[in-house]
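Here is the structure we will look at, set down as structure tokens.
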Amino acid sequence: MAAINDATILSPMTLSLALTSDPGATHAEKLLAWYDRHHRELPWRTSPAAAKAGKRADPYHVWLSEVMLQQTTVQAVKPYFEKFLARWPKVTDLAAAPSEDVMAAWAGLGYYARARNLKKCAEAVASEHGGIFPDTEEGLRALPGIGDYTSAAVAAIAFNRPSAVMDGNVERVISRLFAIDAPLPGSKPVMKAKVAALTPTDRPGDFAQAMMDLGATICTPKRPACALCPFRDDCLALSEHDPERFPVKAAKKAKPVRYGAAFVAVTDDGEILLRRRIESGLLGGMTEVPTTDWTARMDGGTTPDHAPFAGDWQPSGTIVHVFTHFELRLSVFRIRTVAQAINGGWWEPVTNLEAQALPTVMKKAITAAIPLAFTKSLN
DNA sequence: GAGTCGTGGGC
DNA sequence: TGCCCAAGACT
């Protein structure tokens with residue numbers, strides 16, 4: 001740094017263009033210069049060069065990606081995003097699709113209320129907005145499944161509105177930059193005001209994506225790469241030599257354990273008994289094998305006494321699945337039977353399980369009883 | 001404001 | 001291994 005500053009042949013203008021740590025530049029200028037060089041390339045994103053030329057990402061693509069990315073990693077989202085876009089190229093296609101198809105396509109991505117609201121939102125855009133997404137934060141915020149973050153993100157990224165976009169990445173960057181000691185989530189309004197003050201009217205969409213890229217690649221939860229950060233000369237947490245101390249968060253509660261049983265019935269024709277869960281609540285609207293209630297105590301619910309029909313149910317092991325707020329231990333039972341009418345259930349060929357809206361916990365239970373259920377060997 | 005709501009990966 | 005975390009929304 002000293003060697004460059006001492007180089008008299010470089011004019012101040014050249015210096016400001018060459019250095020991301022120009023002390024005279026604003027936070028936004030430093031960050032955008034960094035983003036121009038180090039942005040991630042993602043399927044739903046327009047490059048900063050194209051964005052500067054006036055090209056905007058498709059609002060449908062931005063919205064779809066943002067909903068999928070809620071509490072979900074980029075890596076997990078990529079194949080789902082491509083699959084949805086190939087199958088439903090326009091928001092009106094998604095609006096017209098059967099909800100069972102949408103739920104089945106979402107299976108495995110988690111937080112299934114997102115898929116239910118995704119469908120509702122597509123229908124609202126198609127029927128109430130002529131198939132065109134609202135182009136303001138307020139208009140977007142009124143749609144199902146679009147909250148504070150997503151409305152601001154779509155407004156900024158798709159419509160270049162100067163919205164204050166704050167997700168978990170931005171919270172981490174801001175809390176470190178200003179060394180905010182107050183714990184989340186109570187400190188959110190203070191952080192949001194900081195973001196609003198930093199957000200530029202020029203390139204607000206790139207600024208929002210740059211903040212998130214910075215949090216994802218440099219200002220990481222553990223071992224942040226502060227030497228590479230465009231805010232390294234401004235960061236109060238770094239000046240205190242402990243950036244990992246931020247963001248401060250409220251203590252978490254212990255995760256309780258619940259117990260239950262799952263029943264895998266298969267006919268000689270290779271059909272399995274399935275049910276559809278009620279629309280609301282845990283795994284709402286998704287497909288399942290019959291199970292007991294999931295209770296806090298290990299009691300009668302973990303024996304075949306509560307099977308969907310009487311018979312010679314065989315124990316097939318226990319599977320453990322960890323949800324957000326409890327751990328589930330399911331005793332799995334299997335039986336060979338003849339197809340019979342079951343109230344509220346249906347018999348599905350095991351070879352067609354991949355097309356079902358089966359959440360991961362149900363795939364685990366089925367696999368415990370039928371080890372090859374989800375392999376090509378049965379197809 | 002505090003609970004509810006999935007899943008897979010990293011360390 | 002157990003814990004934390006990931007582009008949060010809804011009630």
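Nothing here was measured: the structure is a model prediction, and the numbers come from that model. Numbers restart at 1 for each chain; the letters A, B, ... are given by sequence-line order, proteins then strands.
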Atom-to-atom span, CZ of A:Arg141 to C1' of C:dA9 - whole angstrom: 8 Å
Nearest-angstrom distance from the residue atom CD of A:Gln75 to C1' of B:dG10: 12 Å
Spacing between A:Lys119 atom NZ and C:dA9 atom P, to the nearest angstrom: 21 Å
Distance below 4.0 Å between A:Gln71 side-chain N/O and C:dA6 OP1 or OP2: no
Distance, rounded to the nearest Å, where A:Arg172 contributes CZ and C:dA7 contributes P: 6 Å
Close side-chain approach of A:Asp167 to A:Met212, heavy-atom, < 4.5 Å: yes
Heavy-atom donor-acceptor pair, A:Thr72 side-chain to C:dG8 base, under 3.5 Å: no
Residue closer to the 5' end of DNA chain B, A:Lys253 versus A:Tyr111 (nearest nucleotide): A:Lys253
Side-chain donor/acceptor of A:Arg40 to base of C:dA7, under 3.5 Å: yes
B:dT7 phosphate, OP1 or OP2, under 4.0 Å from A:His321 side-chain N/O: yes
Separation of atom CG in A:Leu69 from atom C1' in C:dA6, rounded to whole Å: 9 Å
Sugar-phosphate only, base, or nothing, as touched by A:Pro185 at under 4.0 Å among non-hydrogen atoms: nothing
Residue whose nearest DNA chain C nucleotide is more 5′ - A:Ile146 or A:Trp44: A:Trp44
Gap in Å between the two P atoms, one belonging to B:dC5 and one to C:dA6, rounded: 22 Å
Can you pull every protein N or O that's under 3.5 Å from an N or O on nucleotides 2-4 of chain C?
none

C:dA9 phosphate, OP1 or OP2, under 4.0 Å from A:Thr150 side-chain N/O: yes
A:Asp101 and A:Arg87 ion-paired at < 4.0 Å: yes
Most 5' of A:Gly281 and A:Gly186 on DNA chain B, judged by nearest nucleotide: A:Gly186
P gap between B:dG6 and C:dT11, integer Å: 14 Å
Donor-acceptor pair under 3.5 Å, A:Thr324 side chain vs B:dG6 base: yes
Proximal nucleotide (of C:dA6, B:dG8, C:dA7) relative to the A:Tyr149 side chain: C:dA7
OP1 or OP2 of B:dG10 under 4.0 Å from side-chain N/O of A:Arg223: no
Phosphate contact (B:dG3 OP1 or OP2) by A:His325 side-chain N/O below 4.0 Å: no
Check: A:Thr287/A:Gln356 side-chain N/O donor and acceptor closer than 3.5 Å: no
Spacing of A:Leu184 atom CG relative to C:dA6 atom P, expressed in whole Å: 11 Å
Nucleotide of B:dC5, C:dG8, C:dA7 approaching A:Met212 most closely (side-chain heavy atoms): C:dA7
Check: A:His325 ring centre within less than 6.0 Å of A:Phe323 ring centre: no
Between B:dA2 and C:dA7 - C1' atom distance, rounded Å: 23 Å
Sugar-phosphate only, base, or nothing, as touched by A:Val322 at under 4.0 Å among non-hydrogen atoms: base
Rounded distance in Å - CG (A:Leu109) to C1' (C:dA7): 13 Å
Any side-chain donor near an acceptor of the partner, A:Arg45 and A:Gln209, under 3.5 Å: yes
C1'-based separation of C:dC10 from B:dG1 [nearest Å]: 13 Å
For the student: nearest non-hydrogen atoms of A:Arg334 and A:Ala369, plus distance: CD-O, 3.7 Å
A:Arg203/A:Asp36 ion pair, N-O < 4.0 Å: yes
Between CG on residue A:Asp206 and NZ on residue A:Lys52, distance to nearest 0.5 Å: 7.5 Å
Whole-Å distance separating the CD atom of A:Glu244 from the C1' atom of B:dG10: 14 Å
A:Tyr112 vs B:dT7: side-chain N/O to OP1/OP2 distance below 4.0 Å: yes
Sugar-phosphate, base or nothing in reach of A:Leu118, heavy atoms under 4.0 Å: nothing
Distance-only side-chain donor-acceptor flag, A:Tyr149 / A:Glu66, under 3.5 Å: yes
